[in-house]
Amino acid sequence: MRLGLALGYWGRGPSPDHVPLAREAERLGYHSVWTAESWGSDVFTPLAWIAAHTSRIRLGTAVAQMAARPPTTTAMHALTLDHLSGGRMMLGLGLSGPQVVEGWYGRPFPSSPLTATREYVDVVRQVLRRAAPVESAGRFHAHPYQGPDATGLGRPLRPITHPLRPDLPILLGAEGPKNVAQTIRIADGWLPLYWPPTRPEVYGPALADLPEGFLVAPLAQARVCDDVAEGLLPVKAMLGFYIGGMGHAARNFHADLMARMGYEEEARRIQRLFLDGRREEAVLAVPDAFADEISLVGPRERIAERLESWRKGPVTDLLVISTDRHTLRVLAELNS
């Protein structure tokens with residue numbers, strides 16, 4: 001099991017520590033570093049900046065939002081960064097939810113998310129392979145565009161730039177069982193948001209027969225500390241925000257996932273508290289057991305013991321969410 005450093009997206013502004021952290025992770029032997037985007041900083045620019053200040057560590061997006069750009073544009077970003085970094089790019093994609101897609105990107109949330117994802121990945125792969133001009137009669141991603149307002153002058157094109165690697169890895173963020181099953185069929189890897197290492201079956205039966213070389217790269221907050229309850233507070237704060245605020249009361253994929261993992265009553269309570277403006281209560285309502293299950297928190301000995309359960313399953317890459325250098329170092333030592 002390899003280690004990756006997940007830096008996420010910016011908050012109020014850029015963190016001056018992201019490049020030093022990426023360089024430290026590279027020094028410690030981490031395999032990859034990952035950026036993200038929501039409705040603020042974009043995912044590719046910080047990754048390019050990190051690429052310029054590192055030499056070996058792989059560079060991933062976890063995730064680039066599909067609604068943010070057409071698939072050809074995403075492929076252009078990926079092939080450009082792959083060239084500039086000497087073949088270190090890994091493209092992680094995610095669909096997000098209707099609140100972000102329609103509220104921020106001003107696009108309709110696809111009526112068939114699985115179809116939209118499948119078409120998007122197909123177009124990206126066509127660009128990267130450069131075997132022929134890009135053509136797709138897709139319902140959501142047609143190339144050339146042939147909608148009712150089309151000029152009729154569009155023609156299939158292939159990228160001017162020759163991609164460095166036609167097989168650049170594509171990973172997908174997926175939560176529902178059908179989405180996970182499709183991810184295993186069409187992608188090179190999967191980016192689970194919450195990973196219960198002792199019971200991966202909550203994601204459906206598709207995990208029982210993974211293709212050879214398929215990447216399973218969950219994100220997990222980590223912190224080496226003496227007080228487990230205190231160390232879990234940042235994990236609970238993240239969960240409170242995602243489960244309570246990253247979605248609508250009637251449609252929140254993160255809350256639905258928590259419910260499928262056996263915490264339905266707690267998930268709905270967190271949602272109600274958060275949407276009522278009682279955010280501190282929402283965070284405290286996150287069960288310690290759930291936060292602990294999907295993270296690595298506590299003294300070194302406890303983390304060492306729990307790390308074994310992550311190694312026993314299908315996880316190939318553990319993407320560590322931490323800005324604490326001591327924690328990054330301890331995990332590197334334990335995983336060596």
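- Under the salt bridge (charged side-chain N to carboxylate O under 4.0 Å, His left out) criterion, Arg329 pairs with no residue, sequence neighbours left out.
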Let's go through Asn335 and Arg2 carefully: what are the C-alpha distance in whole Å and the side-chain angles of both, what is the deciding distance for side-chain contact (heavy atoms from CB on, under 4.5 Å) to 0.1 Å, and is it a yes or a no?
CA-CA 8 Å; Asn335 199 57; Arg2 303 175 298 197; 5.7 Å; no

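- In this structure, Leu331 and Val320 have side chains that are in contact, with non-hydrogen atoms separated by less than 4.5 Å.
- Sorted by first and then second residue, the side chain to side chain donor-acceptor pair (under 3.5 Å) pairs with a member in residues 216-240 read Lys236-Asp288; sequence neighbours excluded.
- With sequence neighbours excluded, the residues satisfying side chain to side chain donor-acceptor pair (under 3.5 Å) with Tyr120 are Thr74.
- Side chains of Ser96 and Tyr105 form no contact here, defined as non-hydrogen atoms less than 4.5 Å apart.
- Contact of the Leu171 side chain with the Leu93 side chain is not registered, since no non-hydrogen atoms from C-beta on lie closer than 4.5 Å.
- If you take CG on Leu168 and CE on Met90, they are separated by 9.0 Å, rounding to the nearest 0.5 Å.
- Across Trp310 and Pro218, no two heavy atoms sit closer than the pair CZ3-CG, 3.9 Å.
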I'd like a table of donor-acceptor pairs (distance under 3.5 Å, sequence neighbours excluded) in which one partner is a side-chain atom from residues 187-198, with atom names and distances.
| from | atom 1 | to | atom 2 | distance (Å) |
| --- | --- | --- | --- | --- |
| Asp188 | OD2 | Arg125 | NH1 | 3.4 |
| Asp188 | OD2 | Arg125 | NH2 | 3.2 |
| Asp188 | OD2 | Ile170 | N | 2.9 |
| Trp190 | NE1 | Ala174 | O | 2.9 |

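- Once rounded to the nearest 0.5 Å, the distance linking CD1 of Ile50 with CG of Leu21 reads 9.0 Å.
- Under the ring-ring contact (aromatic ring centres under 6.0 Å, His included) criterion, the residue pairs touching residues 41-60 are Phe44-His77, Trp49-His53, with sequence neighbours excluded.
- Applying the side chain to side chain donor-acceptor pair (under 3.5 Å) rule to Arg279 yields no partners; only residues at least two apart in sequence or on another chain are considered.
- Remark: Arg302 engages Asp292 in a side chain to side chain donor-acceptor pair (under 3.5 Å) (not counting sequence neighbours).
- Heavy-atom contacts from other residues, nucleotides or ligands closer than 6.0 Å to CG of Asp167 number more than 12.
- Put simply, the side chain of Val330 does not reach to within 4.5 Å of the side chain of Thr327, judged on heavy atoms.
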Got a list of side-chain donor-acceptor pairs under 3.5 Å for residues 131-143, not counting sequence neighbours?
| from | atom 1 | to | atom 2 | distance (Å) |
| --- | --- | --- | --- | --- |
| Ser136 | OG | Gly138 | N | 3.2 |
| Ser136 | OG | His141 | O | 3.1 |
| Arg139 | NH2 | Ser111 | OG | 2.6 |

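- Judged by distance alone, the side chain of Ser322 and the main-chain N or O of Asp324 form a donor-acceptor pair under 3.5 Å.
- Inter-residue side-chain proximity for Val297 and Arg306 is flagged as unmet; no heavy-atom pair is nearer than 4.5 Å.
- Crowding of Glu102 atom CD: a count of heavy atoms from other residues, nucleotides or ligands under 6.0 Å exceeding 12.
- Closest approach of Ala64 to Val43, counting heavy atoms only: CB-CG1, 3.7 Å.
- When the side chains of ILVMFWY residues are joined at heavy-atom separations under 4.5 Å, either directly or via intervening members, Ile294 and Ile270 end up in a single hydrophobic cluster.
- Side chains of Phe290 and Glu266 form no contact here, defined as non-hydrogen atoms less than 4.5 Å apart.
- Closest heavy-atom contact between Ala259 and Ala267: N-CB, 4.4 Å.
- Under the rule for a salt bridge (charged side-chain N to carboxylate O under 4.0 Å, His left out), Arg129 has no partner lying at least two apart in sequence or in another chain.
- Here the closest heavy-atom approach between residue Pro200 and residue Leu207 is recorded as O-CD1, 3.5 Å.
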Apply side-chain contact (heavy atoms from CB on, under 4.5 Å) to the pair Met76 and Arg69, showing each step before the final yes or no.
CA-CA 11 Å; Met76 289 167 63; Arg69 43 189 82 81; over 6 Å; no

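- Looking only at side-chain heavy atoms (C-beta outward), Ile243 and Val286 stay at 4.5 Å or farther from each other.
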Take Thr117 and Gln182, measure what side-chain contact (heavy atoms from CB on, under 4.5 Å) needs, and give me the verdict at the end.
CA-CA 9 Å; Thr117 299; Gln182 174 174 271; 3.9 Å; yes

If you apply the rule salt bridge (Lys or Arg N to Asp or Glu O under 4.0 Å), what do you find for Asp17 with Arg325, and how did you get there?
CA-CA 11 Å; Asp17 212 24; Arg325 284 167 172 76; 2.9 Å; yes

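- Taking 4.5 Å as the limit, some side-chain heavy atom of Glu293 sits within range of a side-chain heavy atom of Tyr263.
- Without hydrogens or angle criteria, Glu37 side chain to Gln65 main chain gives a donor-acceptor distance under 3.5 Å.
- The list of ring-ring contact (aromatic ring centres under 6.0 Å, His included) pairs with a residue in residues 311-336, not counting sequence neighbours, is empty.
- Placement of Leu219 and Val216 in two distinct hydrophobic clusters is found when ILVMFWY residues are connected by side-chain heavy-atom separations under 4.5 Å, directly or transitively.
- Between atom CG of residue Leu239 and atom OG of residue Ser295 there is a gap of 8.5 Å, rounded to the nearest 0.5 Å.
- Counted by atom type alone, Glu175 and Asn179 present zero donor-acceptor pairs between their side chains at under 3.5 Å.
- Cluster annotation: Leu114 is not connected to Leu95 through the hydrophobic network of ILVMFWY side chains, with a link wherever side-chain heavy atoms come within less than 4.5 Å.
- In this structure, Val180 is a member of the same hydrophobic cluster as Val202, with clusters built from ILVMFWY side-chain heavy atoms closer than 4.5 Å.
- Note that CG of Leu215 and CG of Asp317 are 5.5 Å apart. Values are rounded to the nearest 0.5 Å.
- Remark: the backbone N or O of Ser55 is paired with a side-chain donor or acceptor of Glu26 at under 3.5 angstrom.
- Taking hydrophobic clusters as Ile, Leu, Val, Met, Phe, Trp and Tyr residues chained together by side-chain heavy-atom distances below 4.5 Å, Trp34 does not share a cluster with Leu318.
- When the side chain to side chain donor-acceptor pair (under 3.5 Å) test is applied to Tyr145, the partners found at least two apart in sequence or on another chain are Asp149.
- Here Glu308 pairs with Arg311 under the salt bridge (charged side-chain N to carboxylate O under 4.0 Å, His left out) rule; sequence neighbours left out.
- Taking CD1 from Ile186 and CZ from Arg118, the interatomic distance works out to 7.0 Å, rounded to the nearest 0.5 Å.
- In Arg23, the CZ atom is not crowded: 12 or fewer heavy atoms of neighbouring residues, nucleotides or ligands sit closer than 6.0 Å.
- Salt-bridge formation is not detected for the pair Asp82/Arg88: no Lys NZ or Arg NE/NH1/NH2 atom is positioned less than 4.0 Å from an Asp or Glu carboxylate oxygen.
- Taking every heavy atom of both residues into account, Tyr9 and Ala36 meet most closely at CB-O, 3.4 Å.
- Minimum interatomic distance between Pro71 and Val124 (heavy atoms only, all atoms of both residues): O-CG2, 3.5 Å.
- Distance check: Leu296 CG to Glu305 CD gives 11.5 Å after rounding to the nearest 0.5 Å.
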Steps toward side-chain contact (heavy atoms from CB on, under 4.5 Å) verdict (Met1, Leu307)
CA-CA 10 Å; Met1 184 179 72; Leu307 201 58; 4.0 Å; yes

